[in-house]
Participant: 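Sharing a structure here in structure tokens format.
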Amino acid sequence: MRSLVFLLFVAVANARVYSRCEWARVLKNYGMDGYRGISLAEWVCLSKWESNYNTAAINHNTDGSTDYGIFQINSRWWCNNGRGRTSNACNINCSELLTDNVGVAINCAKRVVRDPNGIGAWVAWRNHCKNRNLSSYVAGCGL
Ligand SMILES: *[C@@H]1O[C@H](CO)[C@@H](O)[C@H](O)[C@H]1NC(C)=O
Ligand SMILES: *[C@@H]1O[C@H](CO)[C@@H](O)[C@H](O)[C@H]1NC(C)=O
């Protein structure tokens with residue numbers, strides 16, 4: 001019985017809220033520091049303002065699309081939520097962006113920045129991170 005409970009526990013993908021430095025470390029482990037010339041601090045700043053480091057964040061937009069997860073990735077272009085038109089360029093179900101299996105969201109974010117807009121695709125990055133001194137976002141993380 002104990003092993004059954006354990007199996008059930010590991011089988012369920014849970015949502016998770018990261019601390020700033022935890023998230024910075026995860027991003028670094030996934031090769032995000034310098035990916036397409038984007039520094040770790042830019043990614044941490046973007047995640048802070050999009051989701052406050054919460055993988056379960058969901059926000060609905062006025063155009064009927066929805067933003068999912070720690071990077072608030074949009075259903076019109078990047079993932080499929082079964083509601084309305086989508087390009088689904090990341091080729092995923094939007095619900096996969098909400099779990100602690102963050103490799104899915106990170107790979108999709110990499111796909112987003114391979115487009116010409118790059119990290120400028122994120123409004124929160126343009127409003128809160130672009131052209132700012134972002135050293136505080138990775139300060140004290142030992143990275
Ligand atoms: C996405 O996955 C969820 C949970 O497994 C499922 O309920 C939903 O039908 C899926 N949506 C699409 C569009 O495949
Ligand atoms: C950015 O801010 C940090 C901490 O406040 C400071 O030490 C650093 O000199 C600043 N860098 C630039 C380029 O202004």
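Just follow the structure's listing: the first ligand is 1, and inside any ligand the first atom is 1. Numbers here simply count residues along the sequence, with the first being 1.
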Participant: Using the ring of each side chain (for Trp, its six-membered ring), is Tyr18 parallel, tilted or perpendicular to Trp23, with breaks at 30° and 60°?
Facilitator: tilted
Participant: Please determine whether residues Tyr53 and Leu143 belong to a single hydrophobic cluster, defined as Ile, Leu, Val, Met, Phe, Trp and Tyr linked transitively by side-chain heavy-atom distances below 4.5 Å.
Facilitator: yes
Participant: Can you list the atoms of ligand 1 that are under 4.0 Å from a heavy atom of Gly82?
Facilitator: 13 (C)
Participant: Can you label the angle between the Trp43 ring and the Trp122 ring as parallel, tilted or perpendicular, going by 30° and 60°?
Facilitator: perpendicular
Participant: Please determine if Arg16 and Glu22 form a salt bridge, counting it only when a charged side-chain N lies under 4.0 Å from a carboxylate O.
Facilitator: yes
Participant: Who passes side-chain contact (heavy atoms from CB on, under 4.5 Å) against Asn80, sequence neighbours left out?
Facilitator: Thr86, Asn88
Participant: Is the shortest N/O to N/O distance between Asn81 and ligand 1 below 3.5 Å?
Facilitator: no
Participant: Heavy-atom cut-off of under 4.0 Å around ligand 2: list whichever protein residues fall inside it, by chain and number.
Facilitator: Asn133, Ser135
Participant: Between Asn74 and Arg76 (side chain of the first, backbone of the second, donor and acceptor by atom type, cut-off under 3.5 Å), is there such a pair?
Facilitator: yes
Participant: May I ask you to decide if Leu40's main-chain N or O and Asp33's side chain share a donor-acceptor pair within less than 3.5 Å?
Facilitator: yes
Participant: Does any N or O atom in Asn80 lie less than 3.5 angstrom from one in ligand 1, N or O only?
Facilitator: no
